[in-house]
Amino acid sequence: MAYDDEQARKSRVVVETPTSRREVTQTEAVHNDRGGVSGATVGVIVVVAIALITIVVLFLMNGQQTDQANANLAAQQQQQQPPVLQQAAPQQQPPIIIQQPAAAPNQAPVIITQPAPSGGTAPANTSNDGVVQTAIDKTITEDTTLSGLGITATVLDGKVTLTGTVKSEALKSQVDRTIRGIKGVKQVDNQIVVFS
């Protein structure tokens with residue numbers, strides 16, 4: 001046992017009897033009932049236990065704050081997803097639509113008669129222009145290529161003026177050749193416009 005655990009206790013007792021007086025010294029060994037632990041050791045153990053409990057509590061509180069911070073960070077990352085970039089599709093130019101005038105229905109030819117000269121006789125080719133106009137209209141109507149083009153022909157003194165639109169120079173030339181081949185046509189003014 002340790003020195004602190006066992007202490008000797010001395011006591012002096014004076015005993016007086018009617019015949020004598022005497023002093024008695026007693027020595028007793030006193031043992032501590034603390035099971036061999038001194039007061040200083042108990043104090044140190046209590047302080048260390050309090051320190052350990054404090055450290056554990058602080059550690060748990062710090063762990064909860066870290067978990068909460070991680071949860072907040074994860075929630076923010078889910079809310080702040082990277083933006084999705086979409087590229088606009090290349091714009092296509094709208095098609096250009098060229099509308100050709102509708103084919104004129106078989107119109108009656110426009111016949112222009114000039115006033116009679118002062119001599120009083122009508123020019124001989126007025127009736128000839130009507131015949132030429134009828135021949136041109138008949139030729140355009142019966143030709144499958146020319147009938148759908150919407151070409152207009154006007155005759156005046158044997159001169160034919162062509163107006164309208166076609167898709168190619170070849171069609172324009174074909175109309176010109178066909179009209180020149182009609183009997184009575186003296187001249188052709190081809191004003192047909194080519195749209196390609």
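The backbone N or O of K159 lies less than 3.5 Å from no partner atom in the side chain of D157, so there is not a single donor-acceptor pair. Checking side-chain atoms of D129 against main-chain N and O of G158 turns up a donor-acceptor pair under 3.5 Å. At least one donor-acceptor pair closer than 3.5 Å links the side chain of Q133 to the backbone N or O of A153.
Rounding to the nearest 0.5 Å places OG1 of T154 at 8.5 Å from CG of L162. We find the CD1-OG1 distance between I192 and T152 to be 9.0 Å, quoted to the nearest 0.5 Å. Distance check, rounded to the nearest 0.5 Å: CD1 of I182 to CD1 of I140 gives 7.0 Å. N128 CG to K186 NZ: the interatomic distance, rounded to the nearest 0.5 Å, is 7.0 Å. Atom CD1 of I136 sits about 12.0 Å away from atom CG of L146, to the nearest 0.5 Å. Rounding to the nearest 0.5 Å gives a distance of 8.5 Å between CD of Q187 and OG1 of T161.
No continuous path of hydrophobic side-chain contacts links F59 to I50 [ILVMFWY only; heavy atoms under 4.5 Å].
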Dump the intermediate steps for side-chain contact (heavy atoms from CB on, under 4.5 Å) on L149 and T165, then the final yes or no. CA-CA 7 Å; L149 296 177; T165 58; over 6 Å; no
Can Q174 and L171 be said to form a side-chain contact (heavy atoms from CB on, under 4.5 Å), step by step? CA-CA 5 Å; Q174 181 182 356; L171 281 173; 3.8 Å; yes
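Using a 3.5 Å distance cut-off with no hydrogens or angles, the side chains of T144 and S147 do not pair a donor with an acceptor. Residues Q191 and D189 bring a donor and an acceptor atom of their side chains to less than 3.5 Å of each other.
With salt bridges taken as basic N to acidic carboxylate O contacts below 4.0 Å, one links D176 and R180.
Other cluster members for V48: V44, L52, joined by side-chain heavy-atom distances under 4.5 Å among Ile, Leu, Val, Met, Phe, Trp and Tyr.
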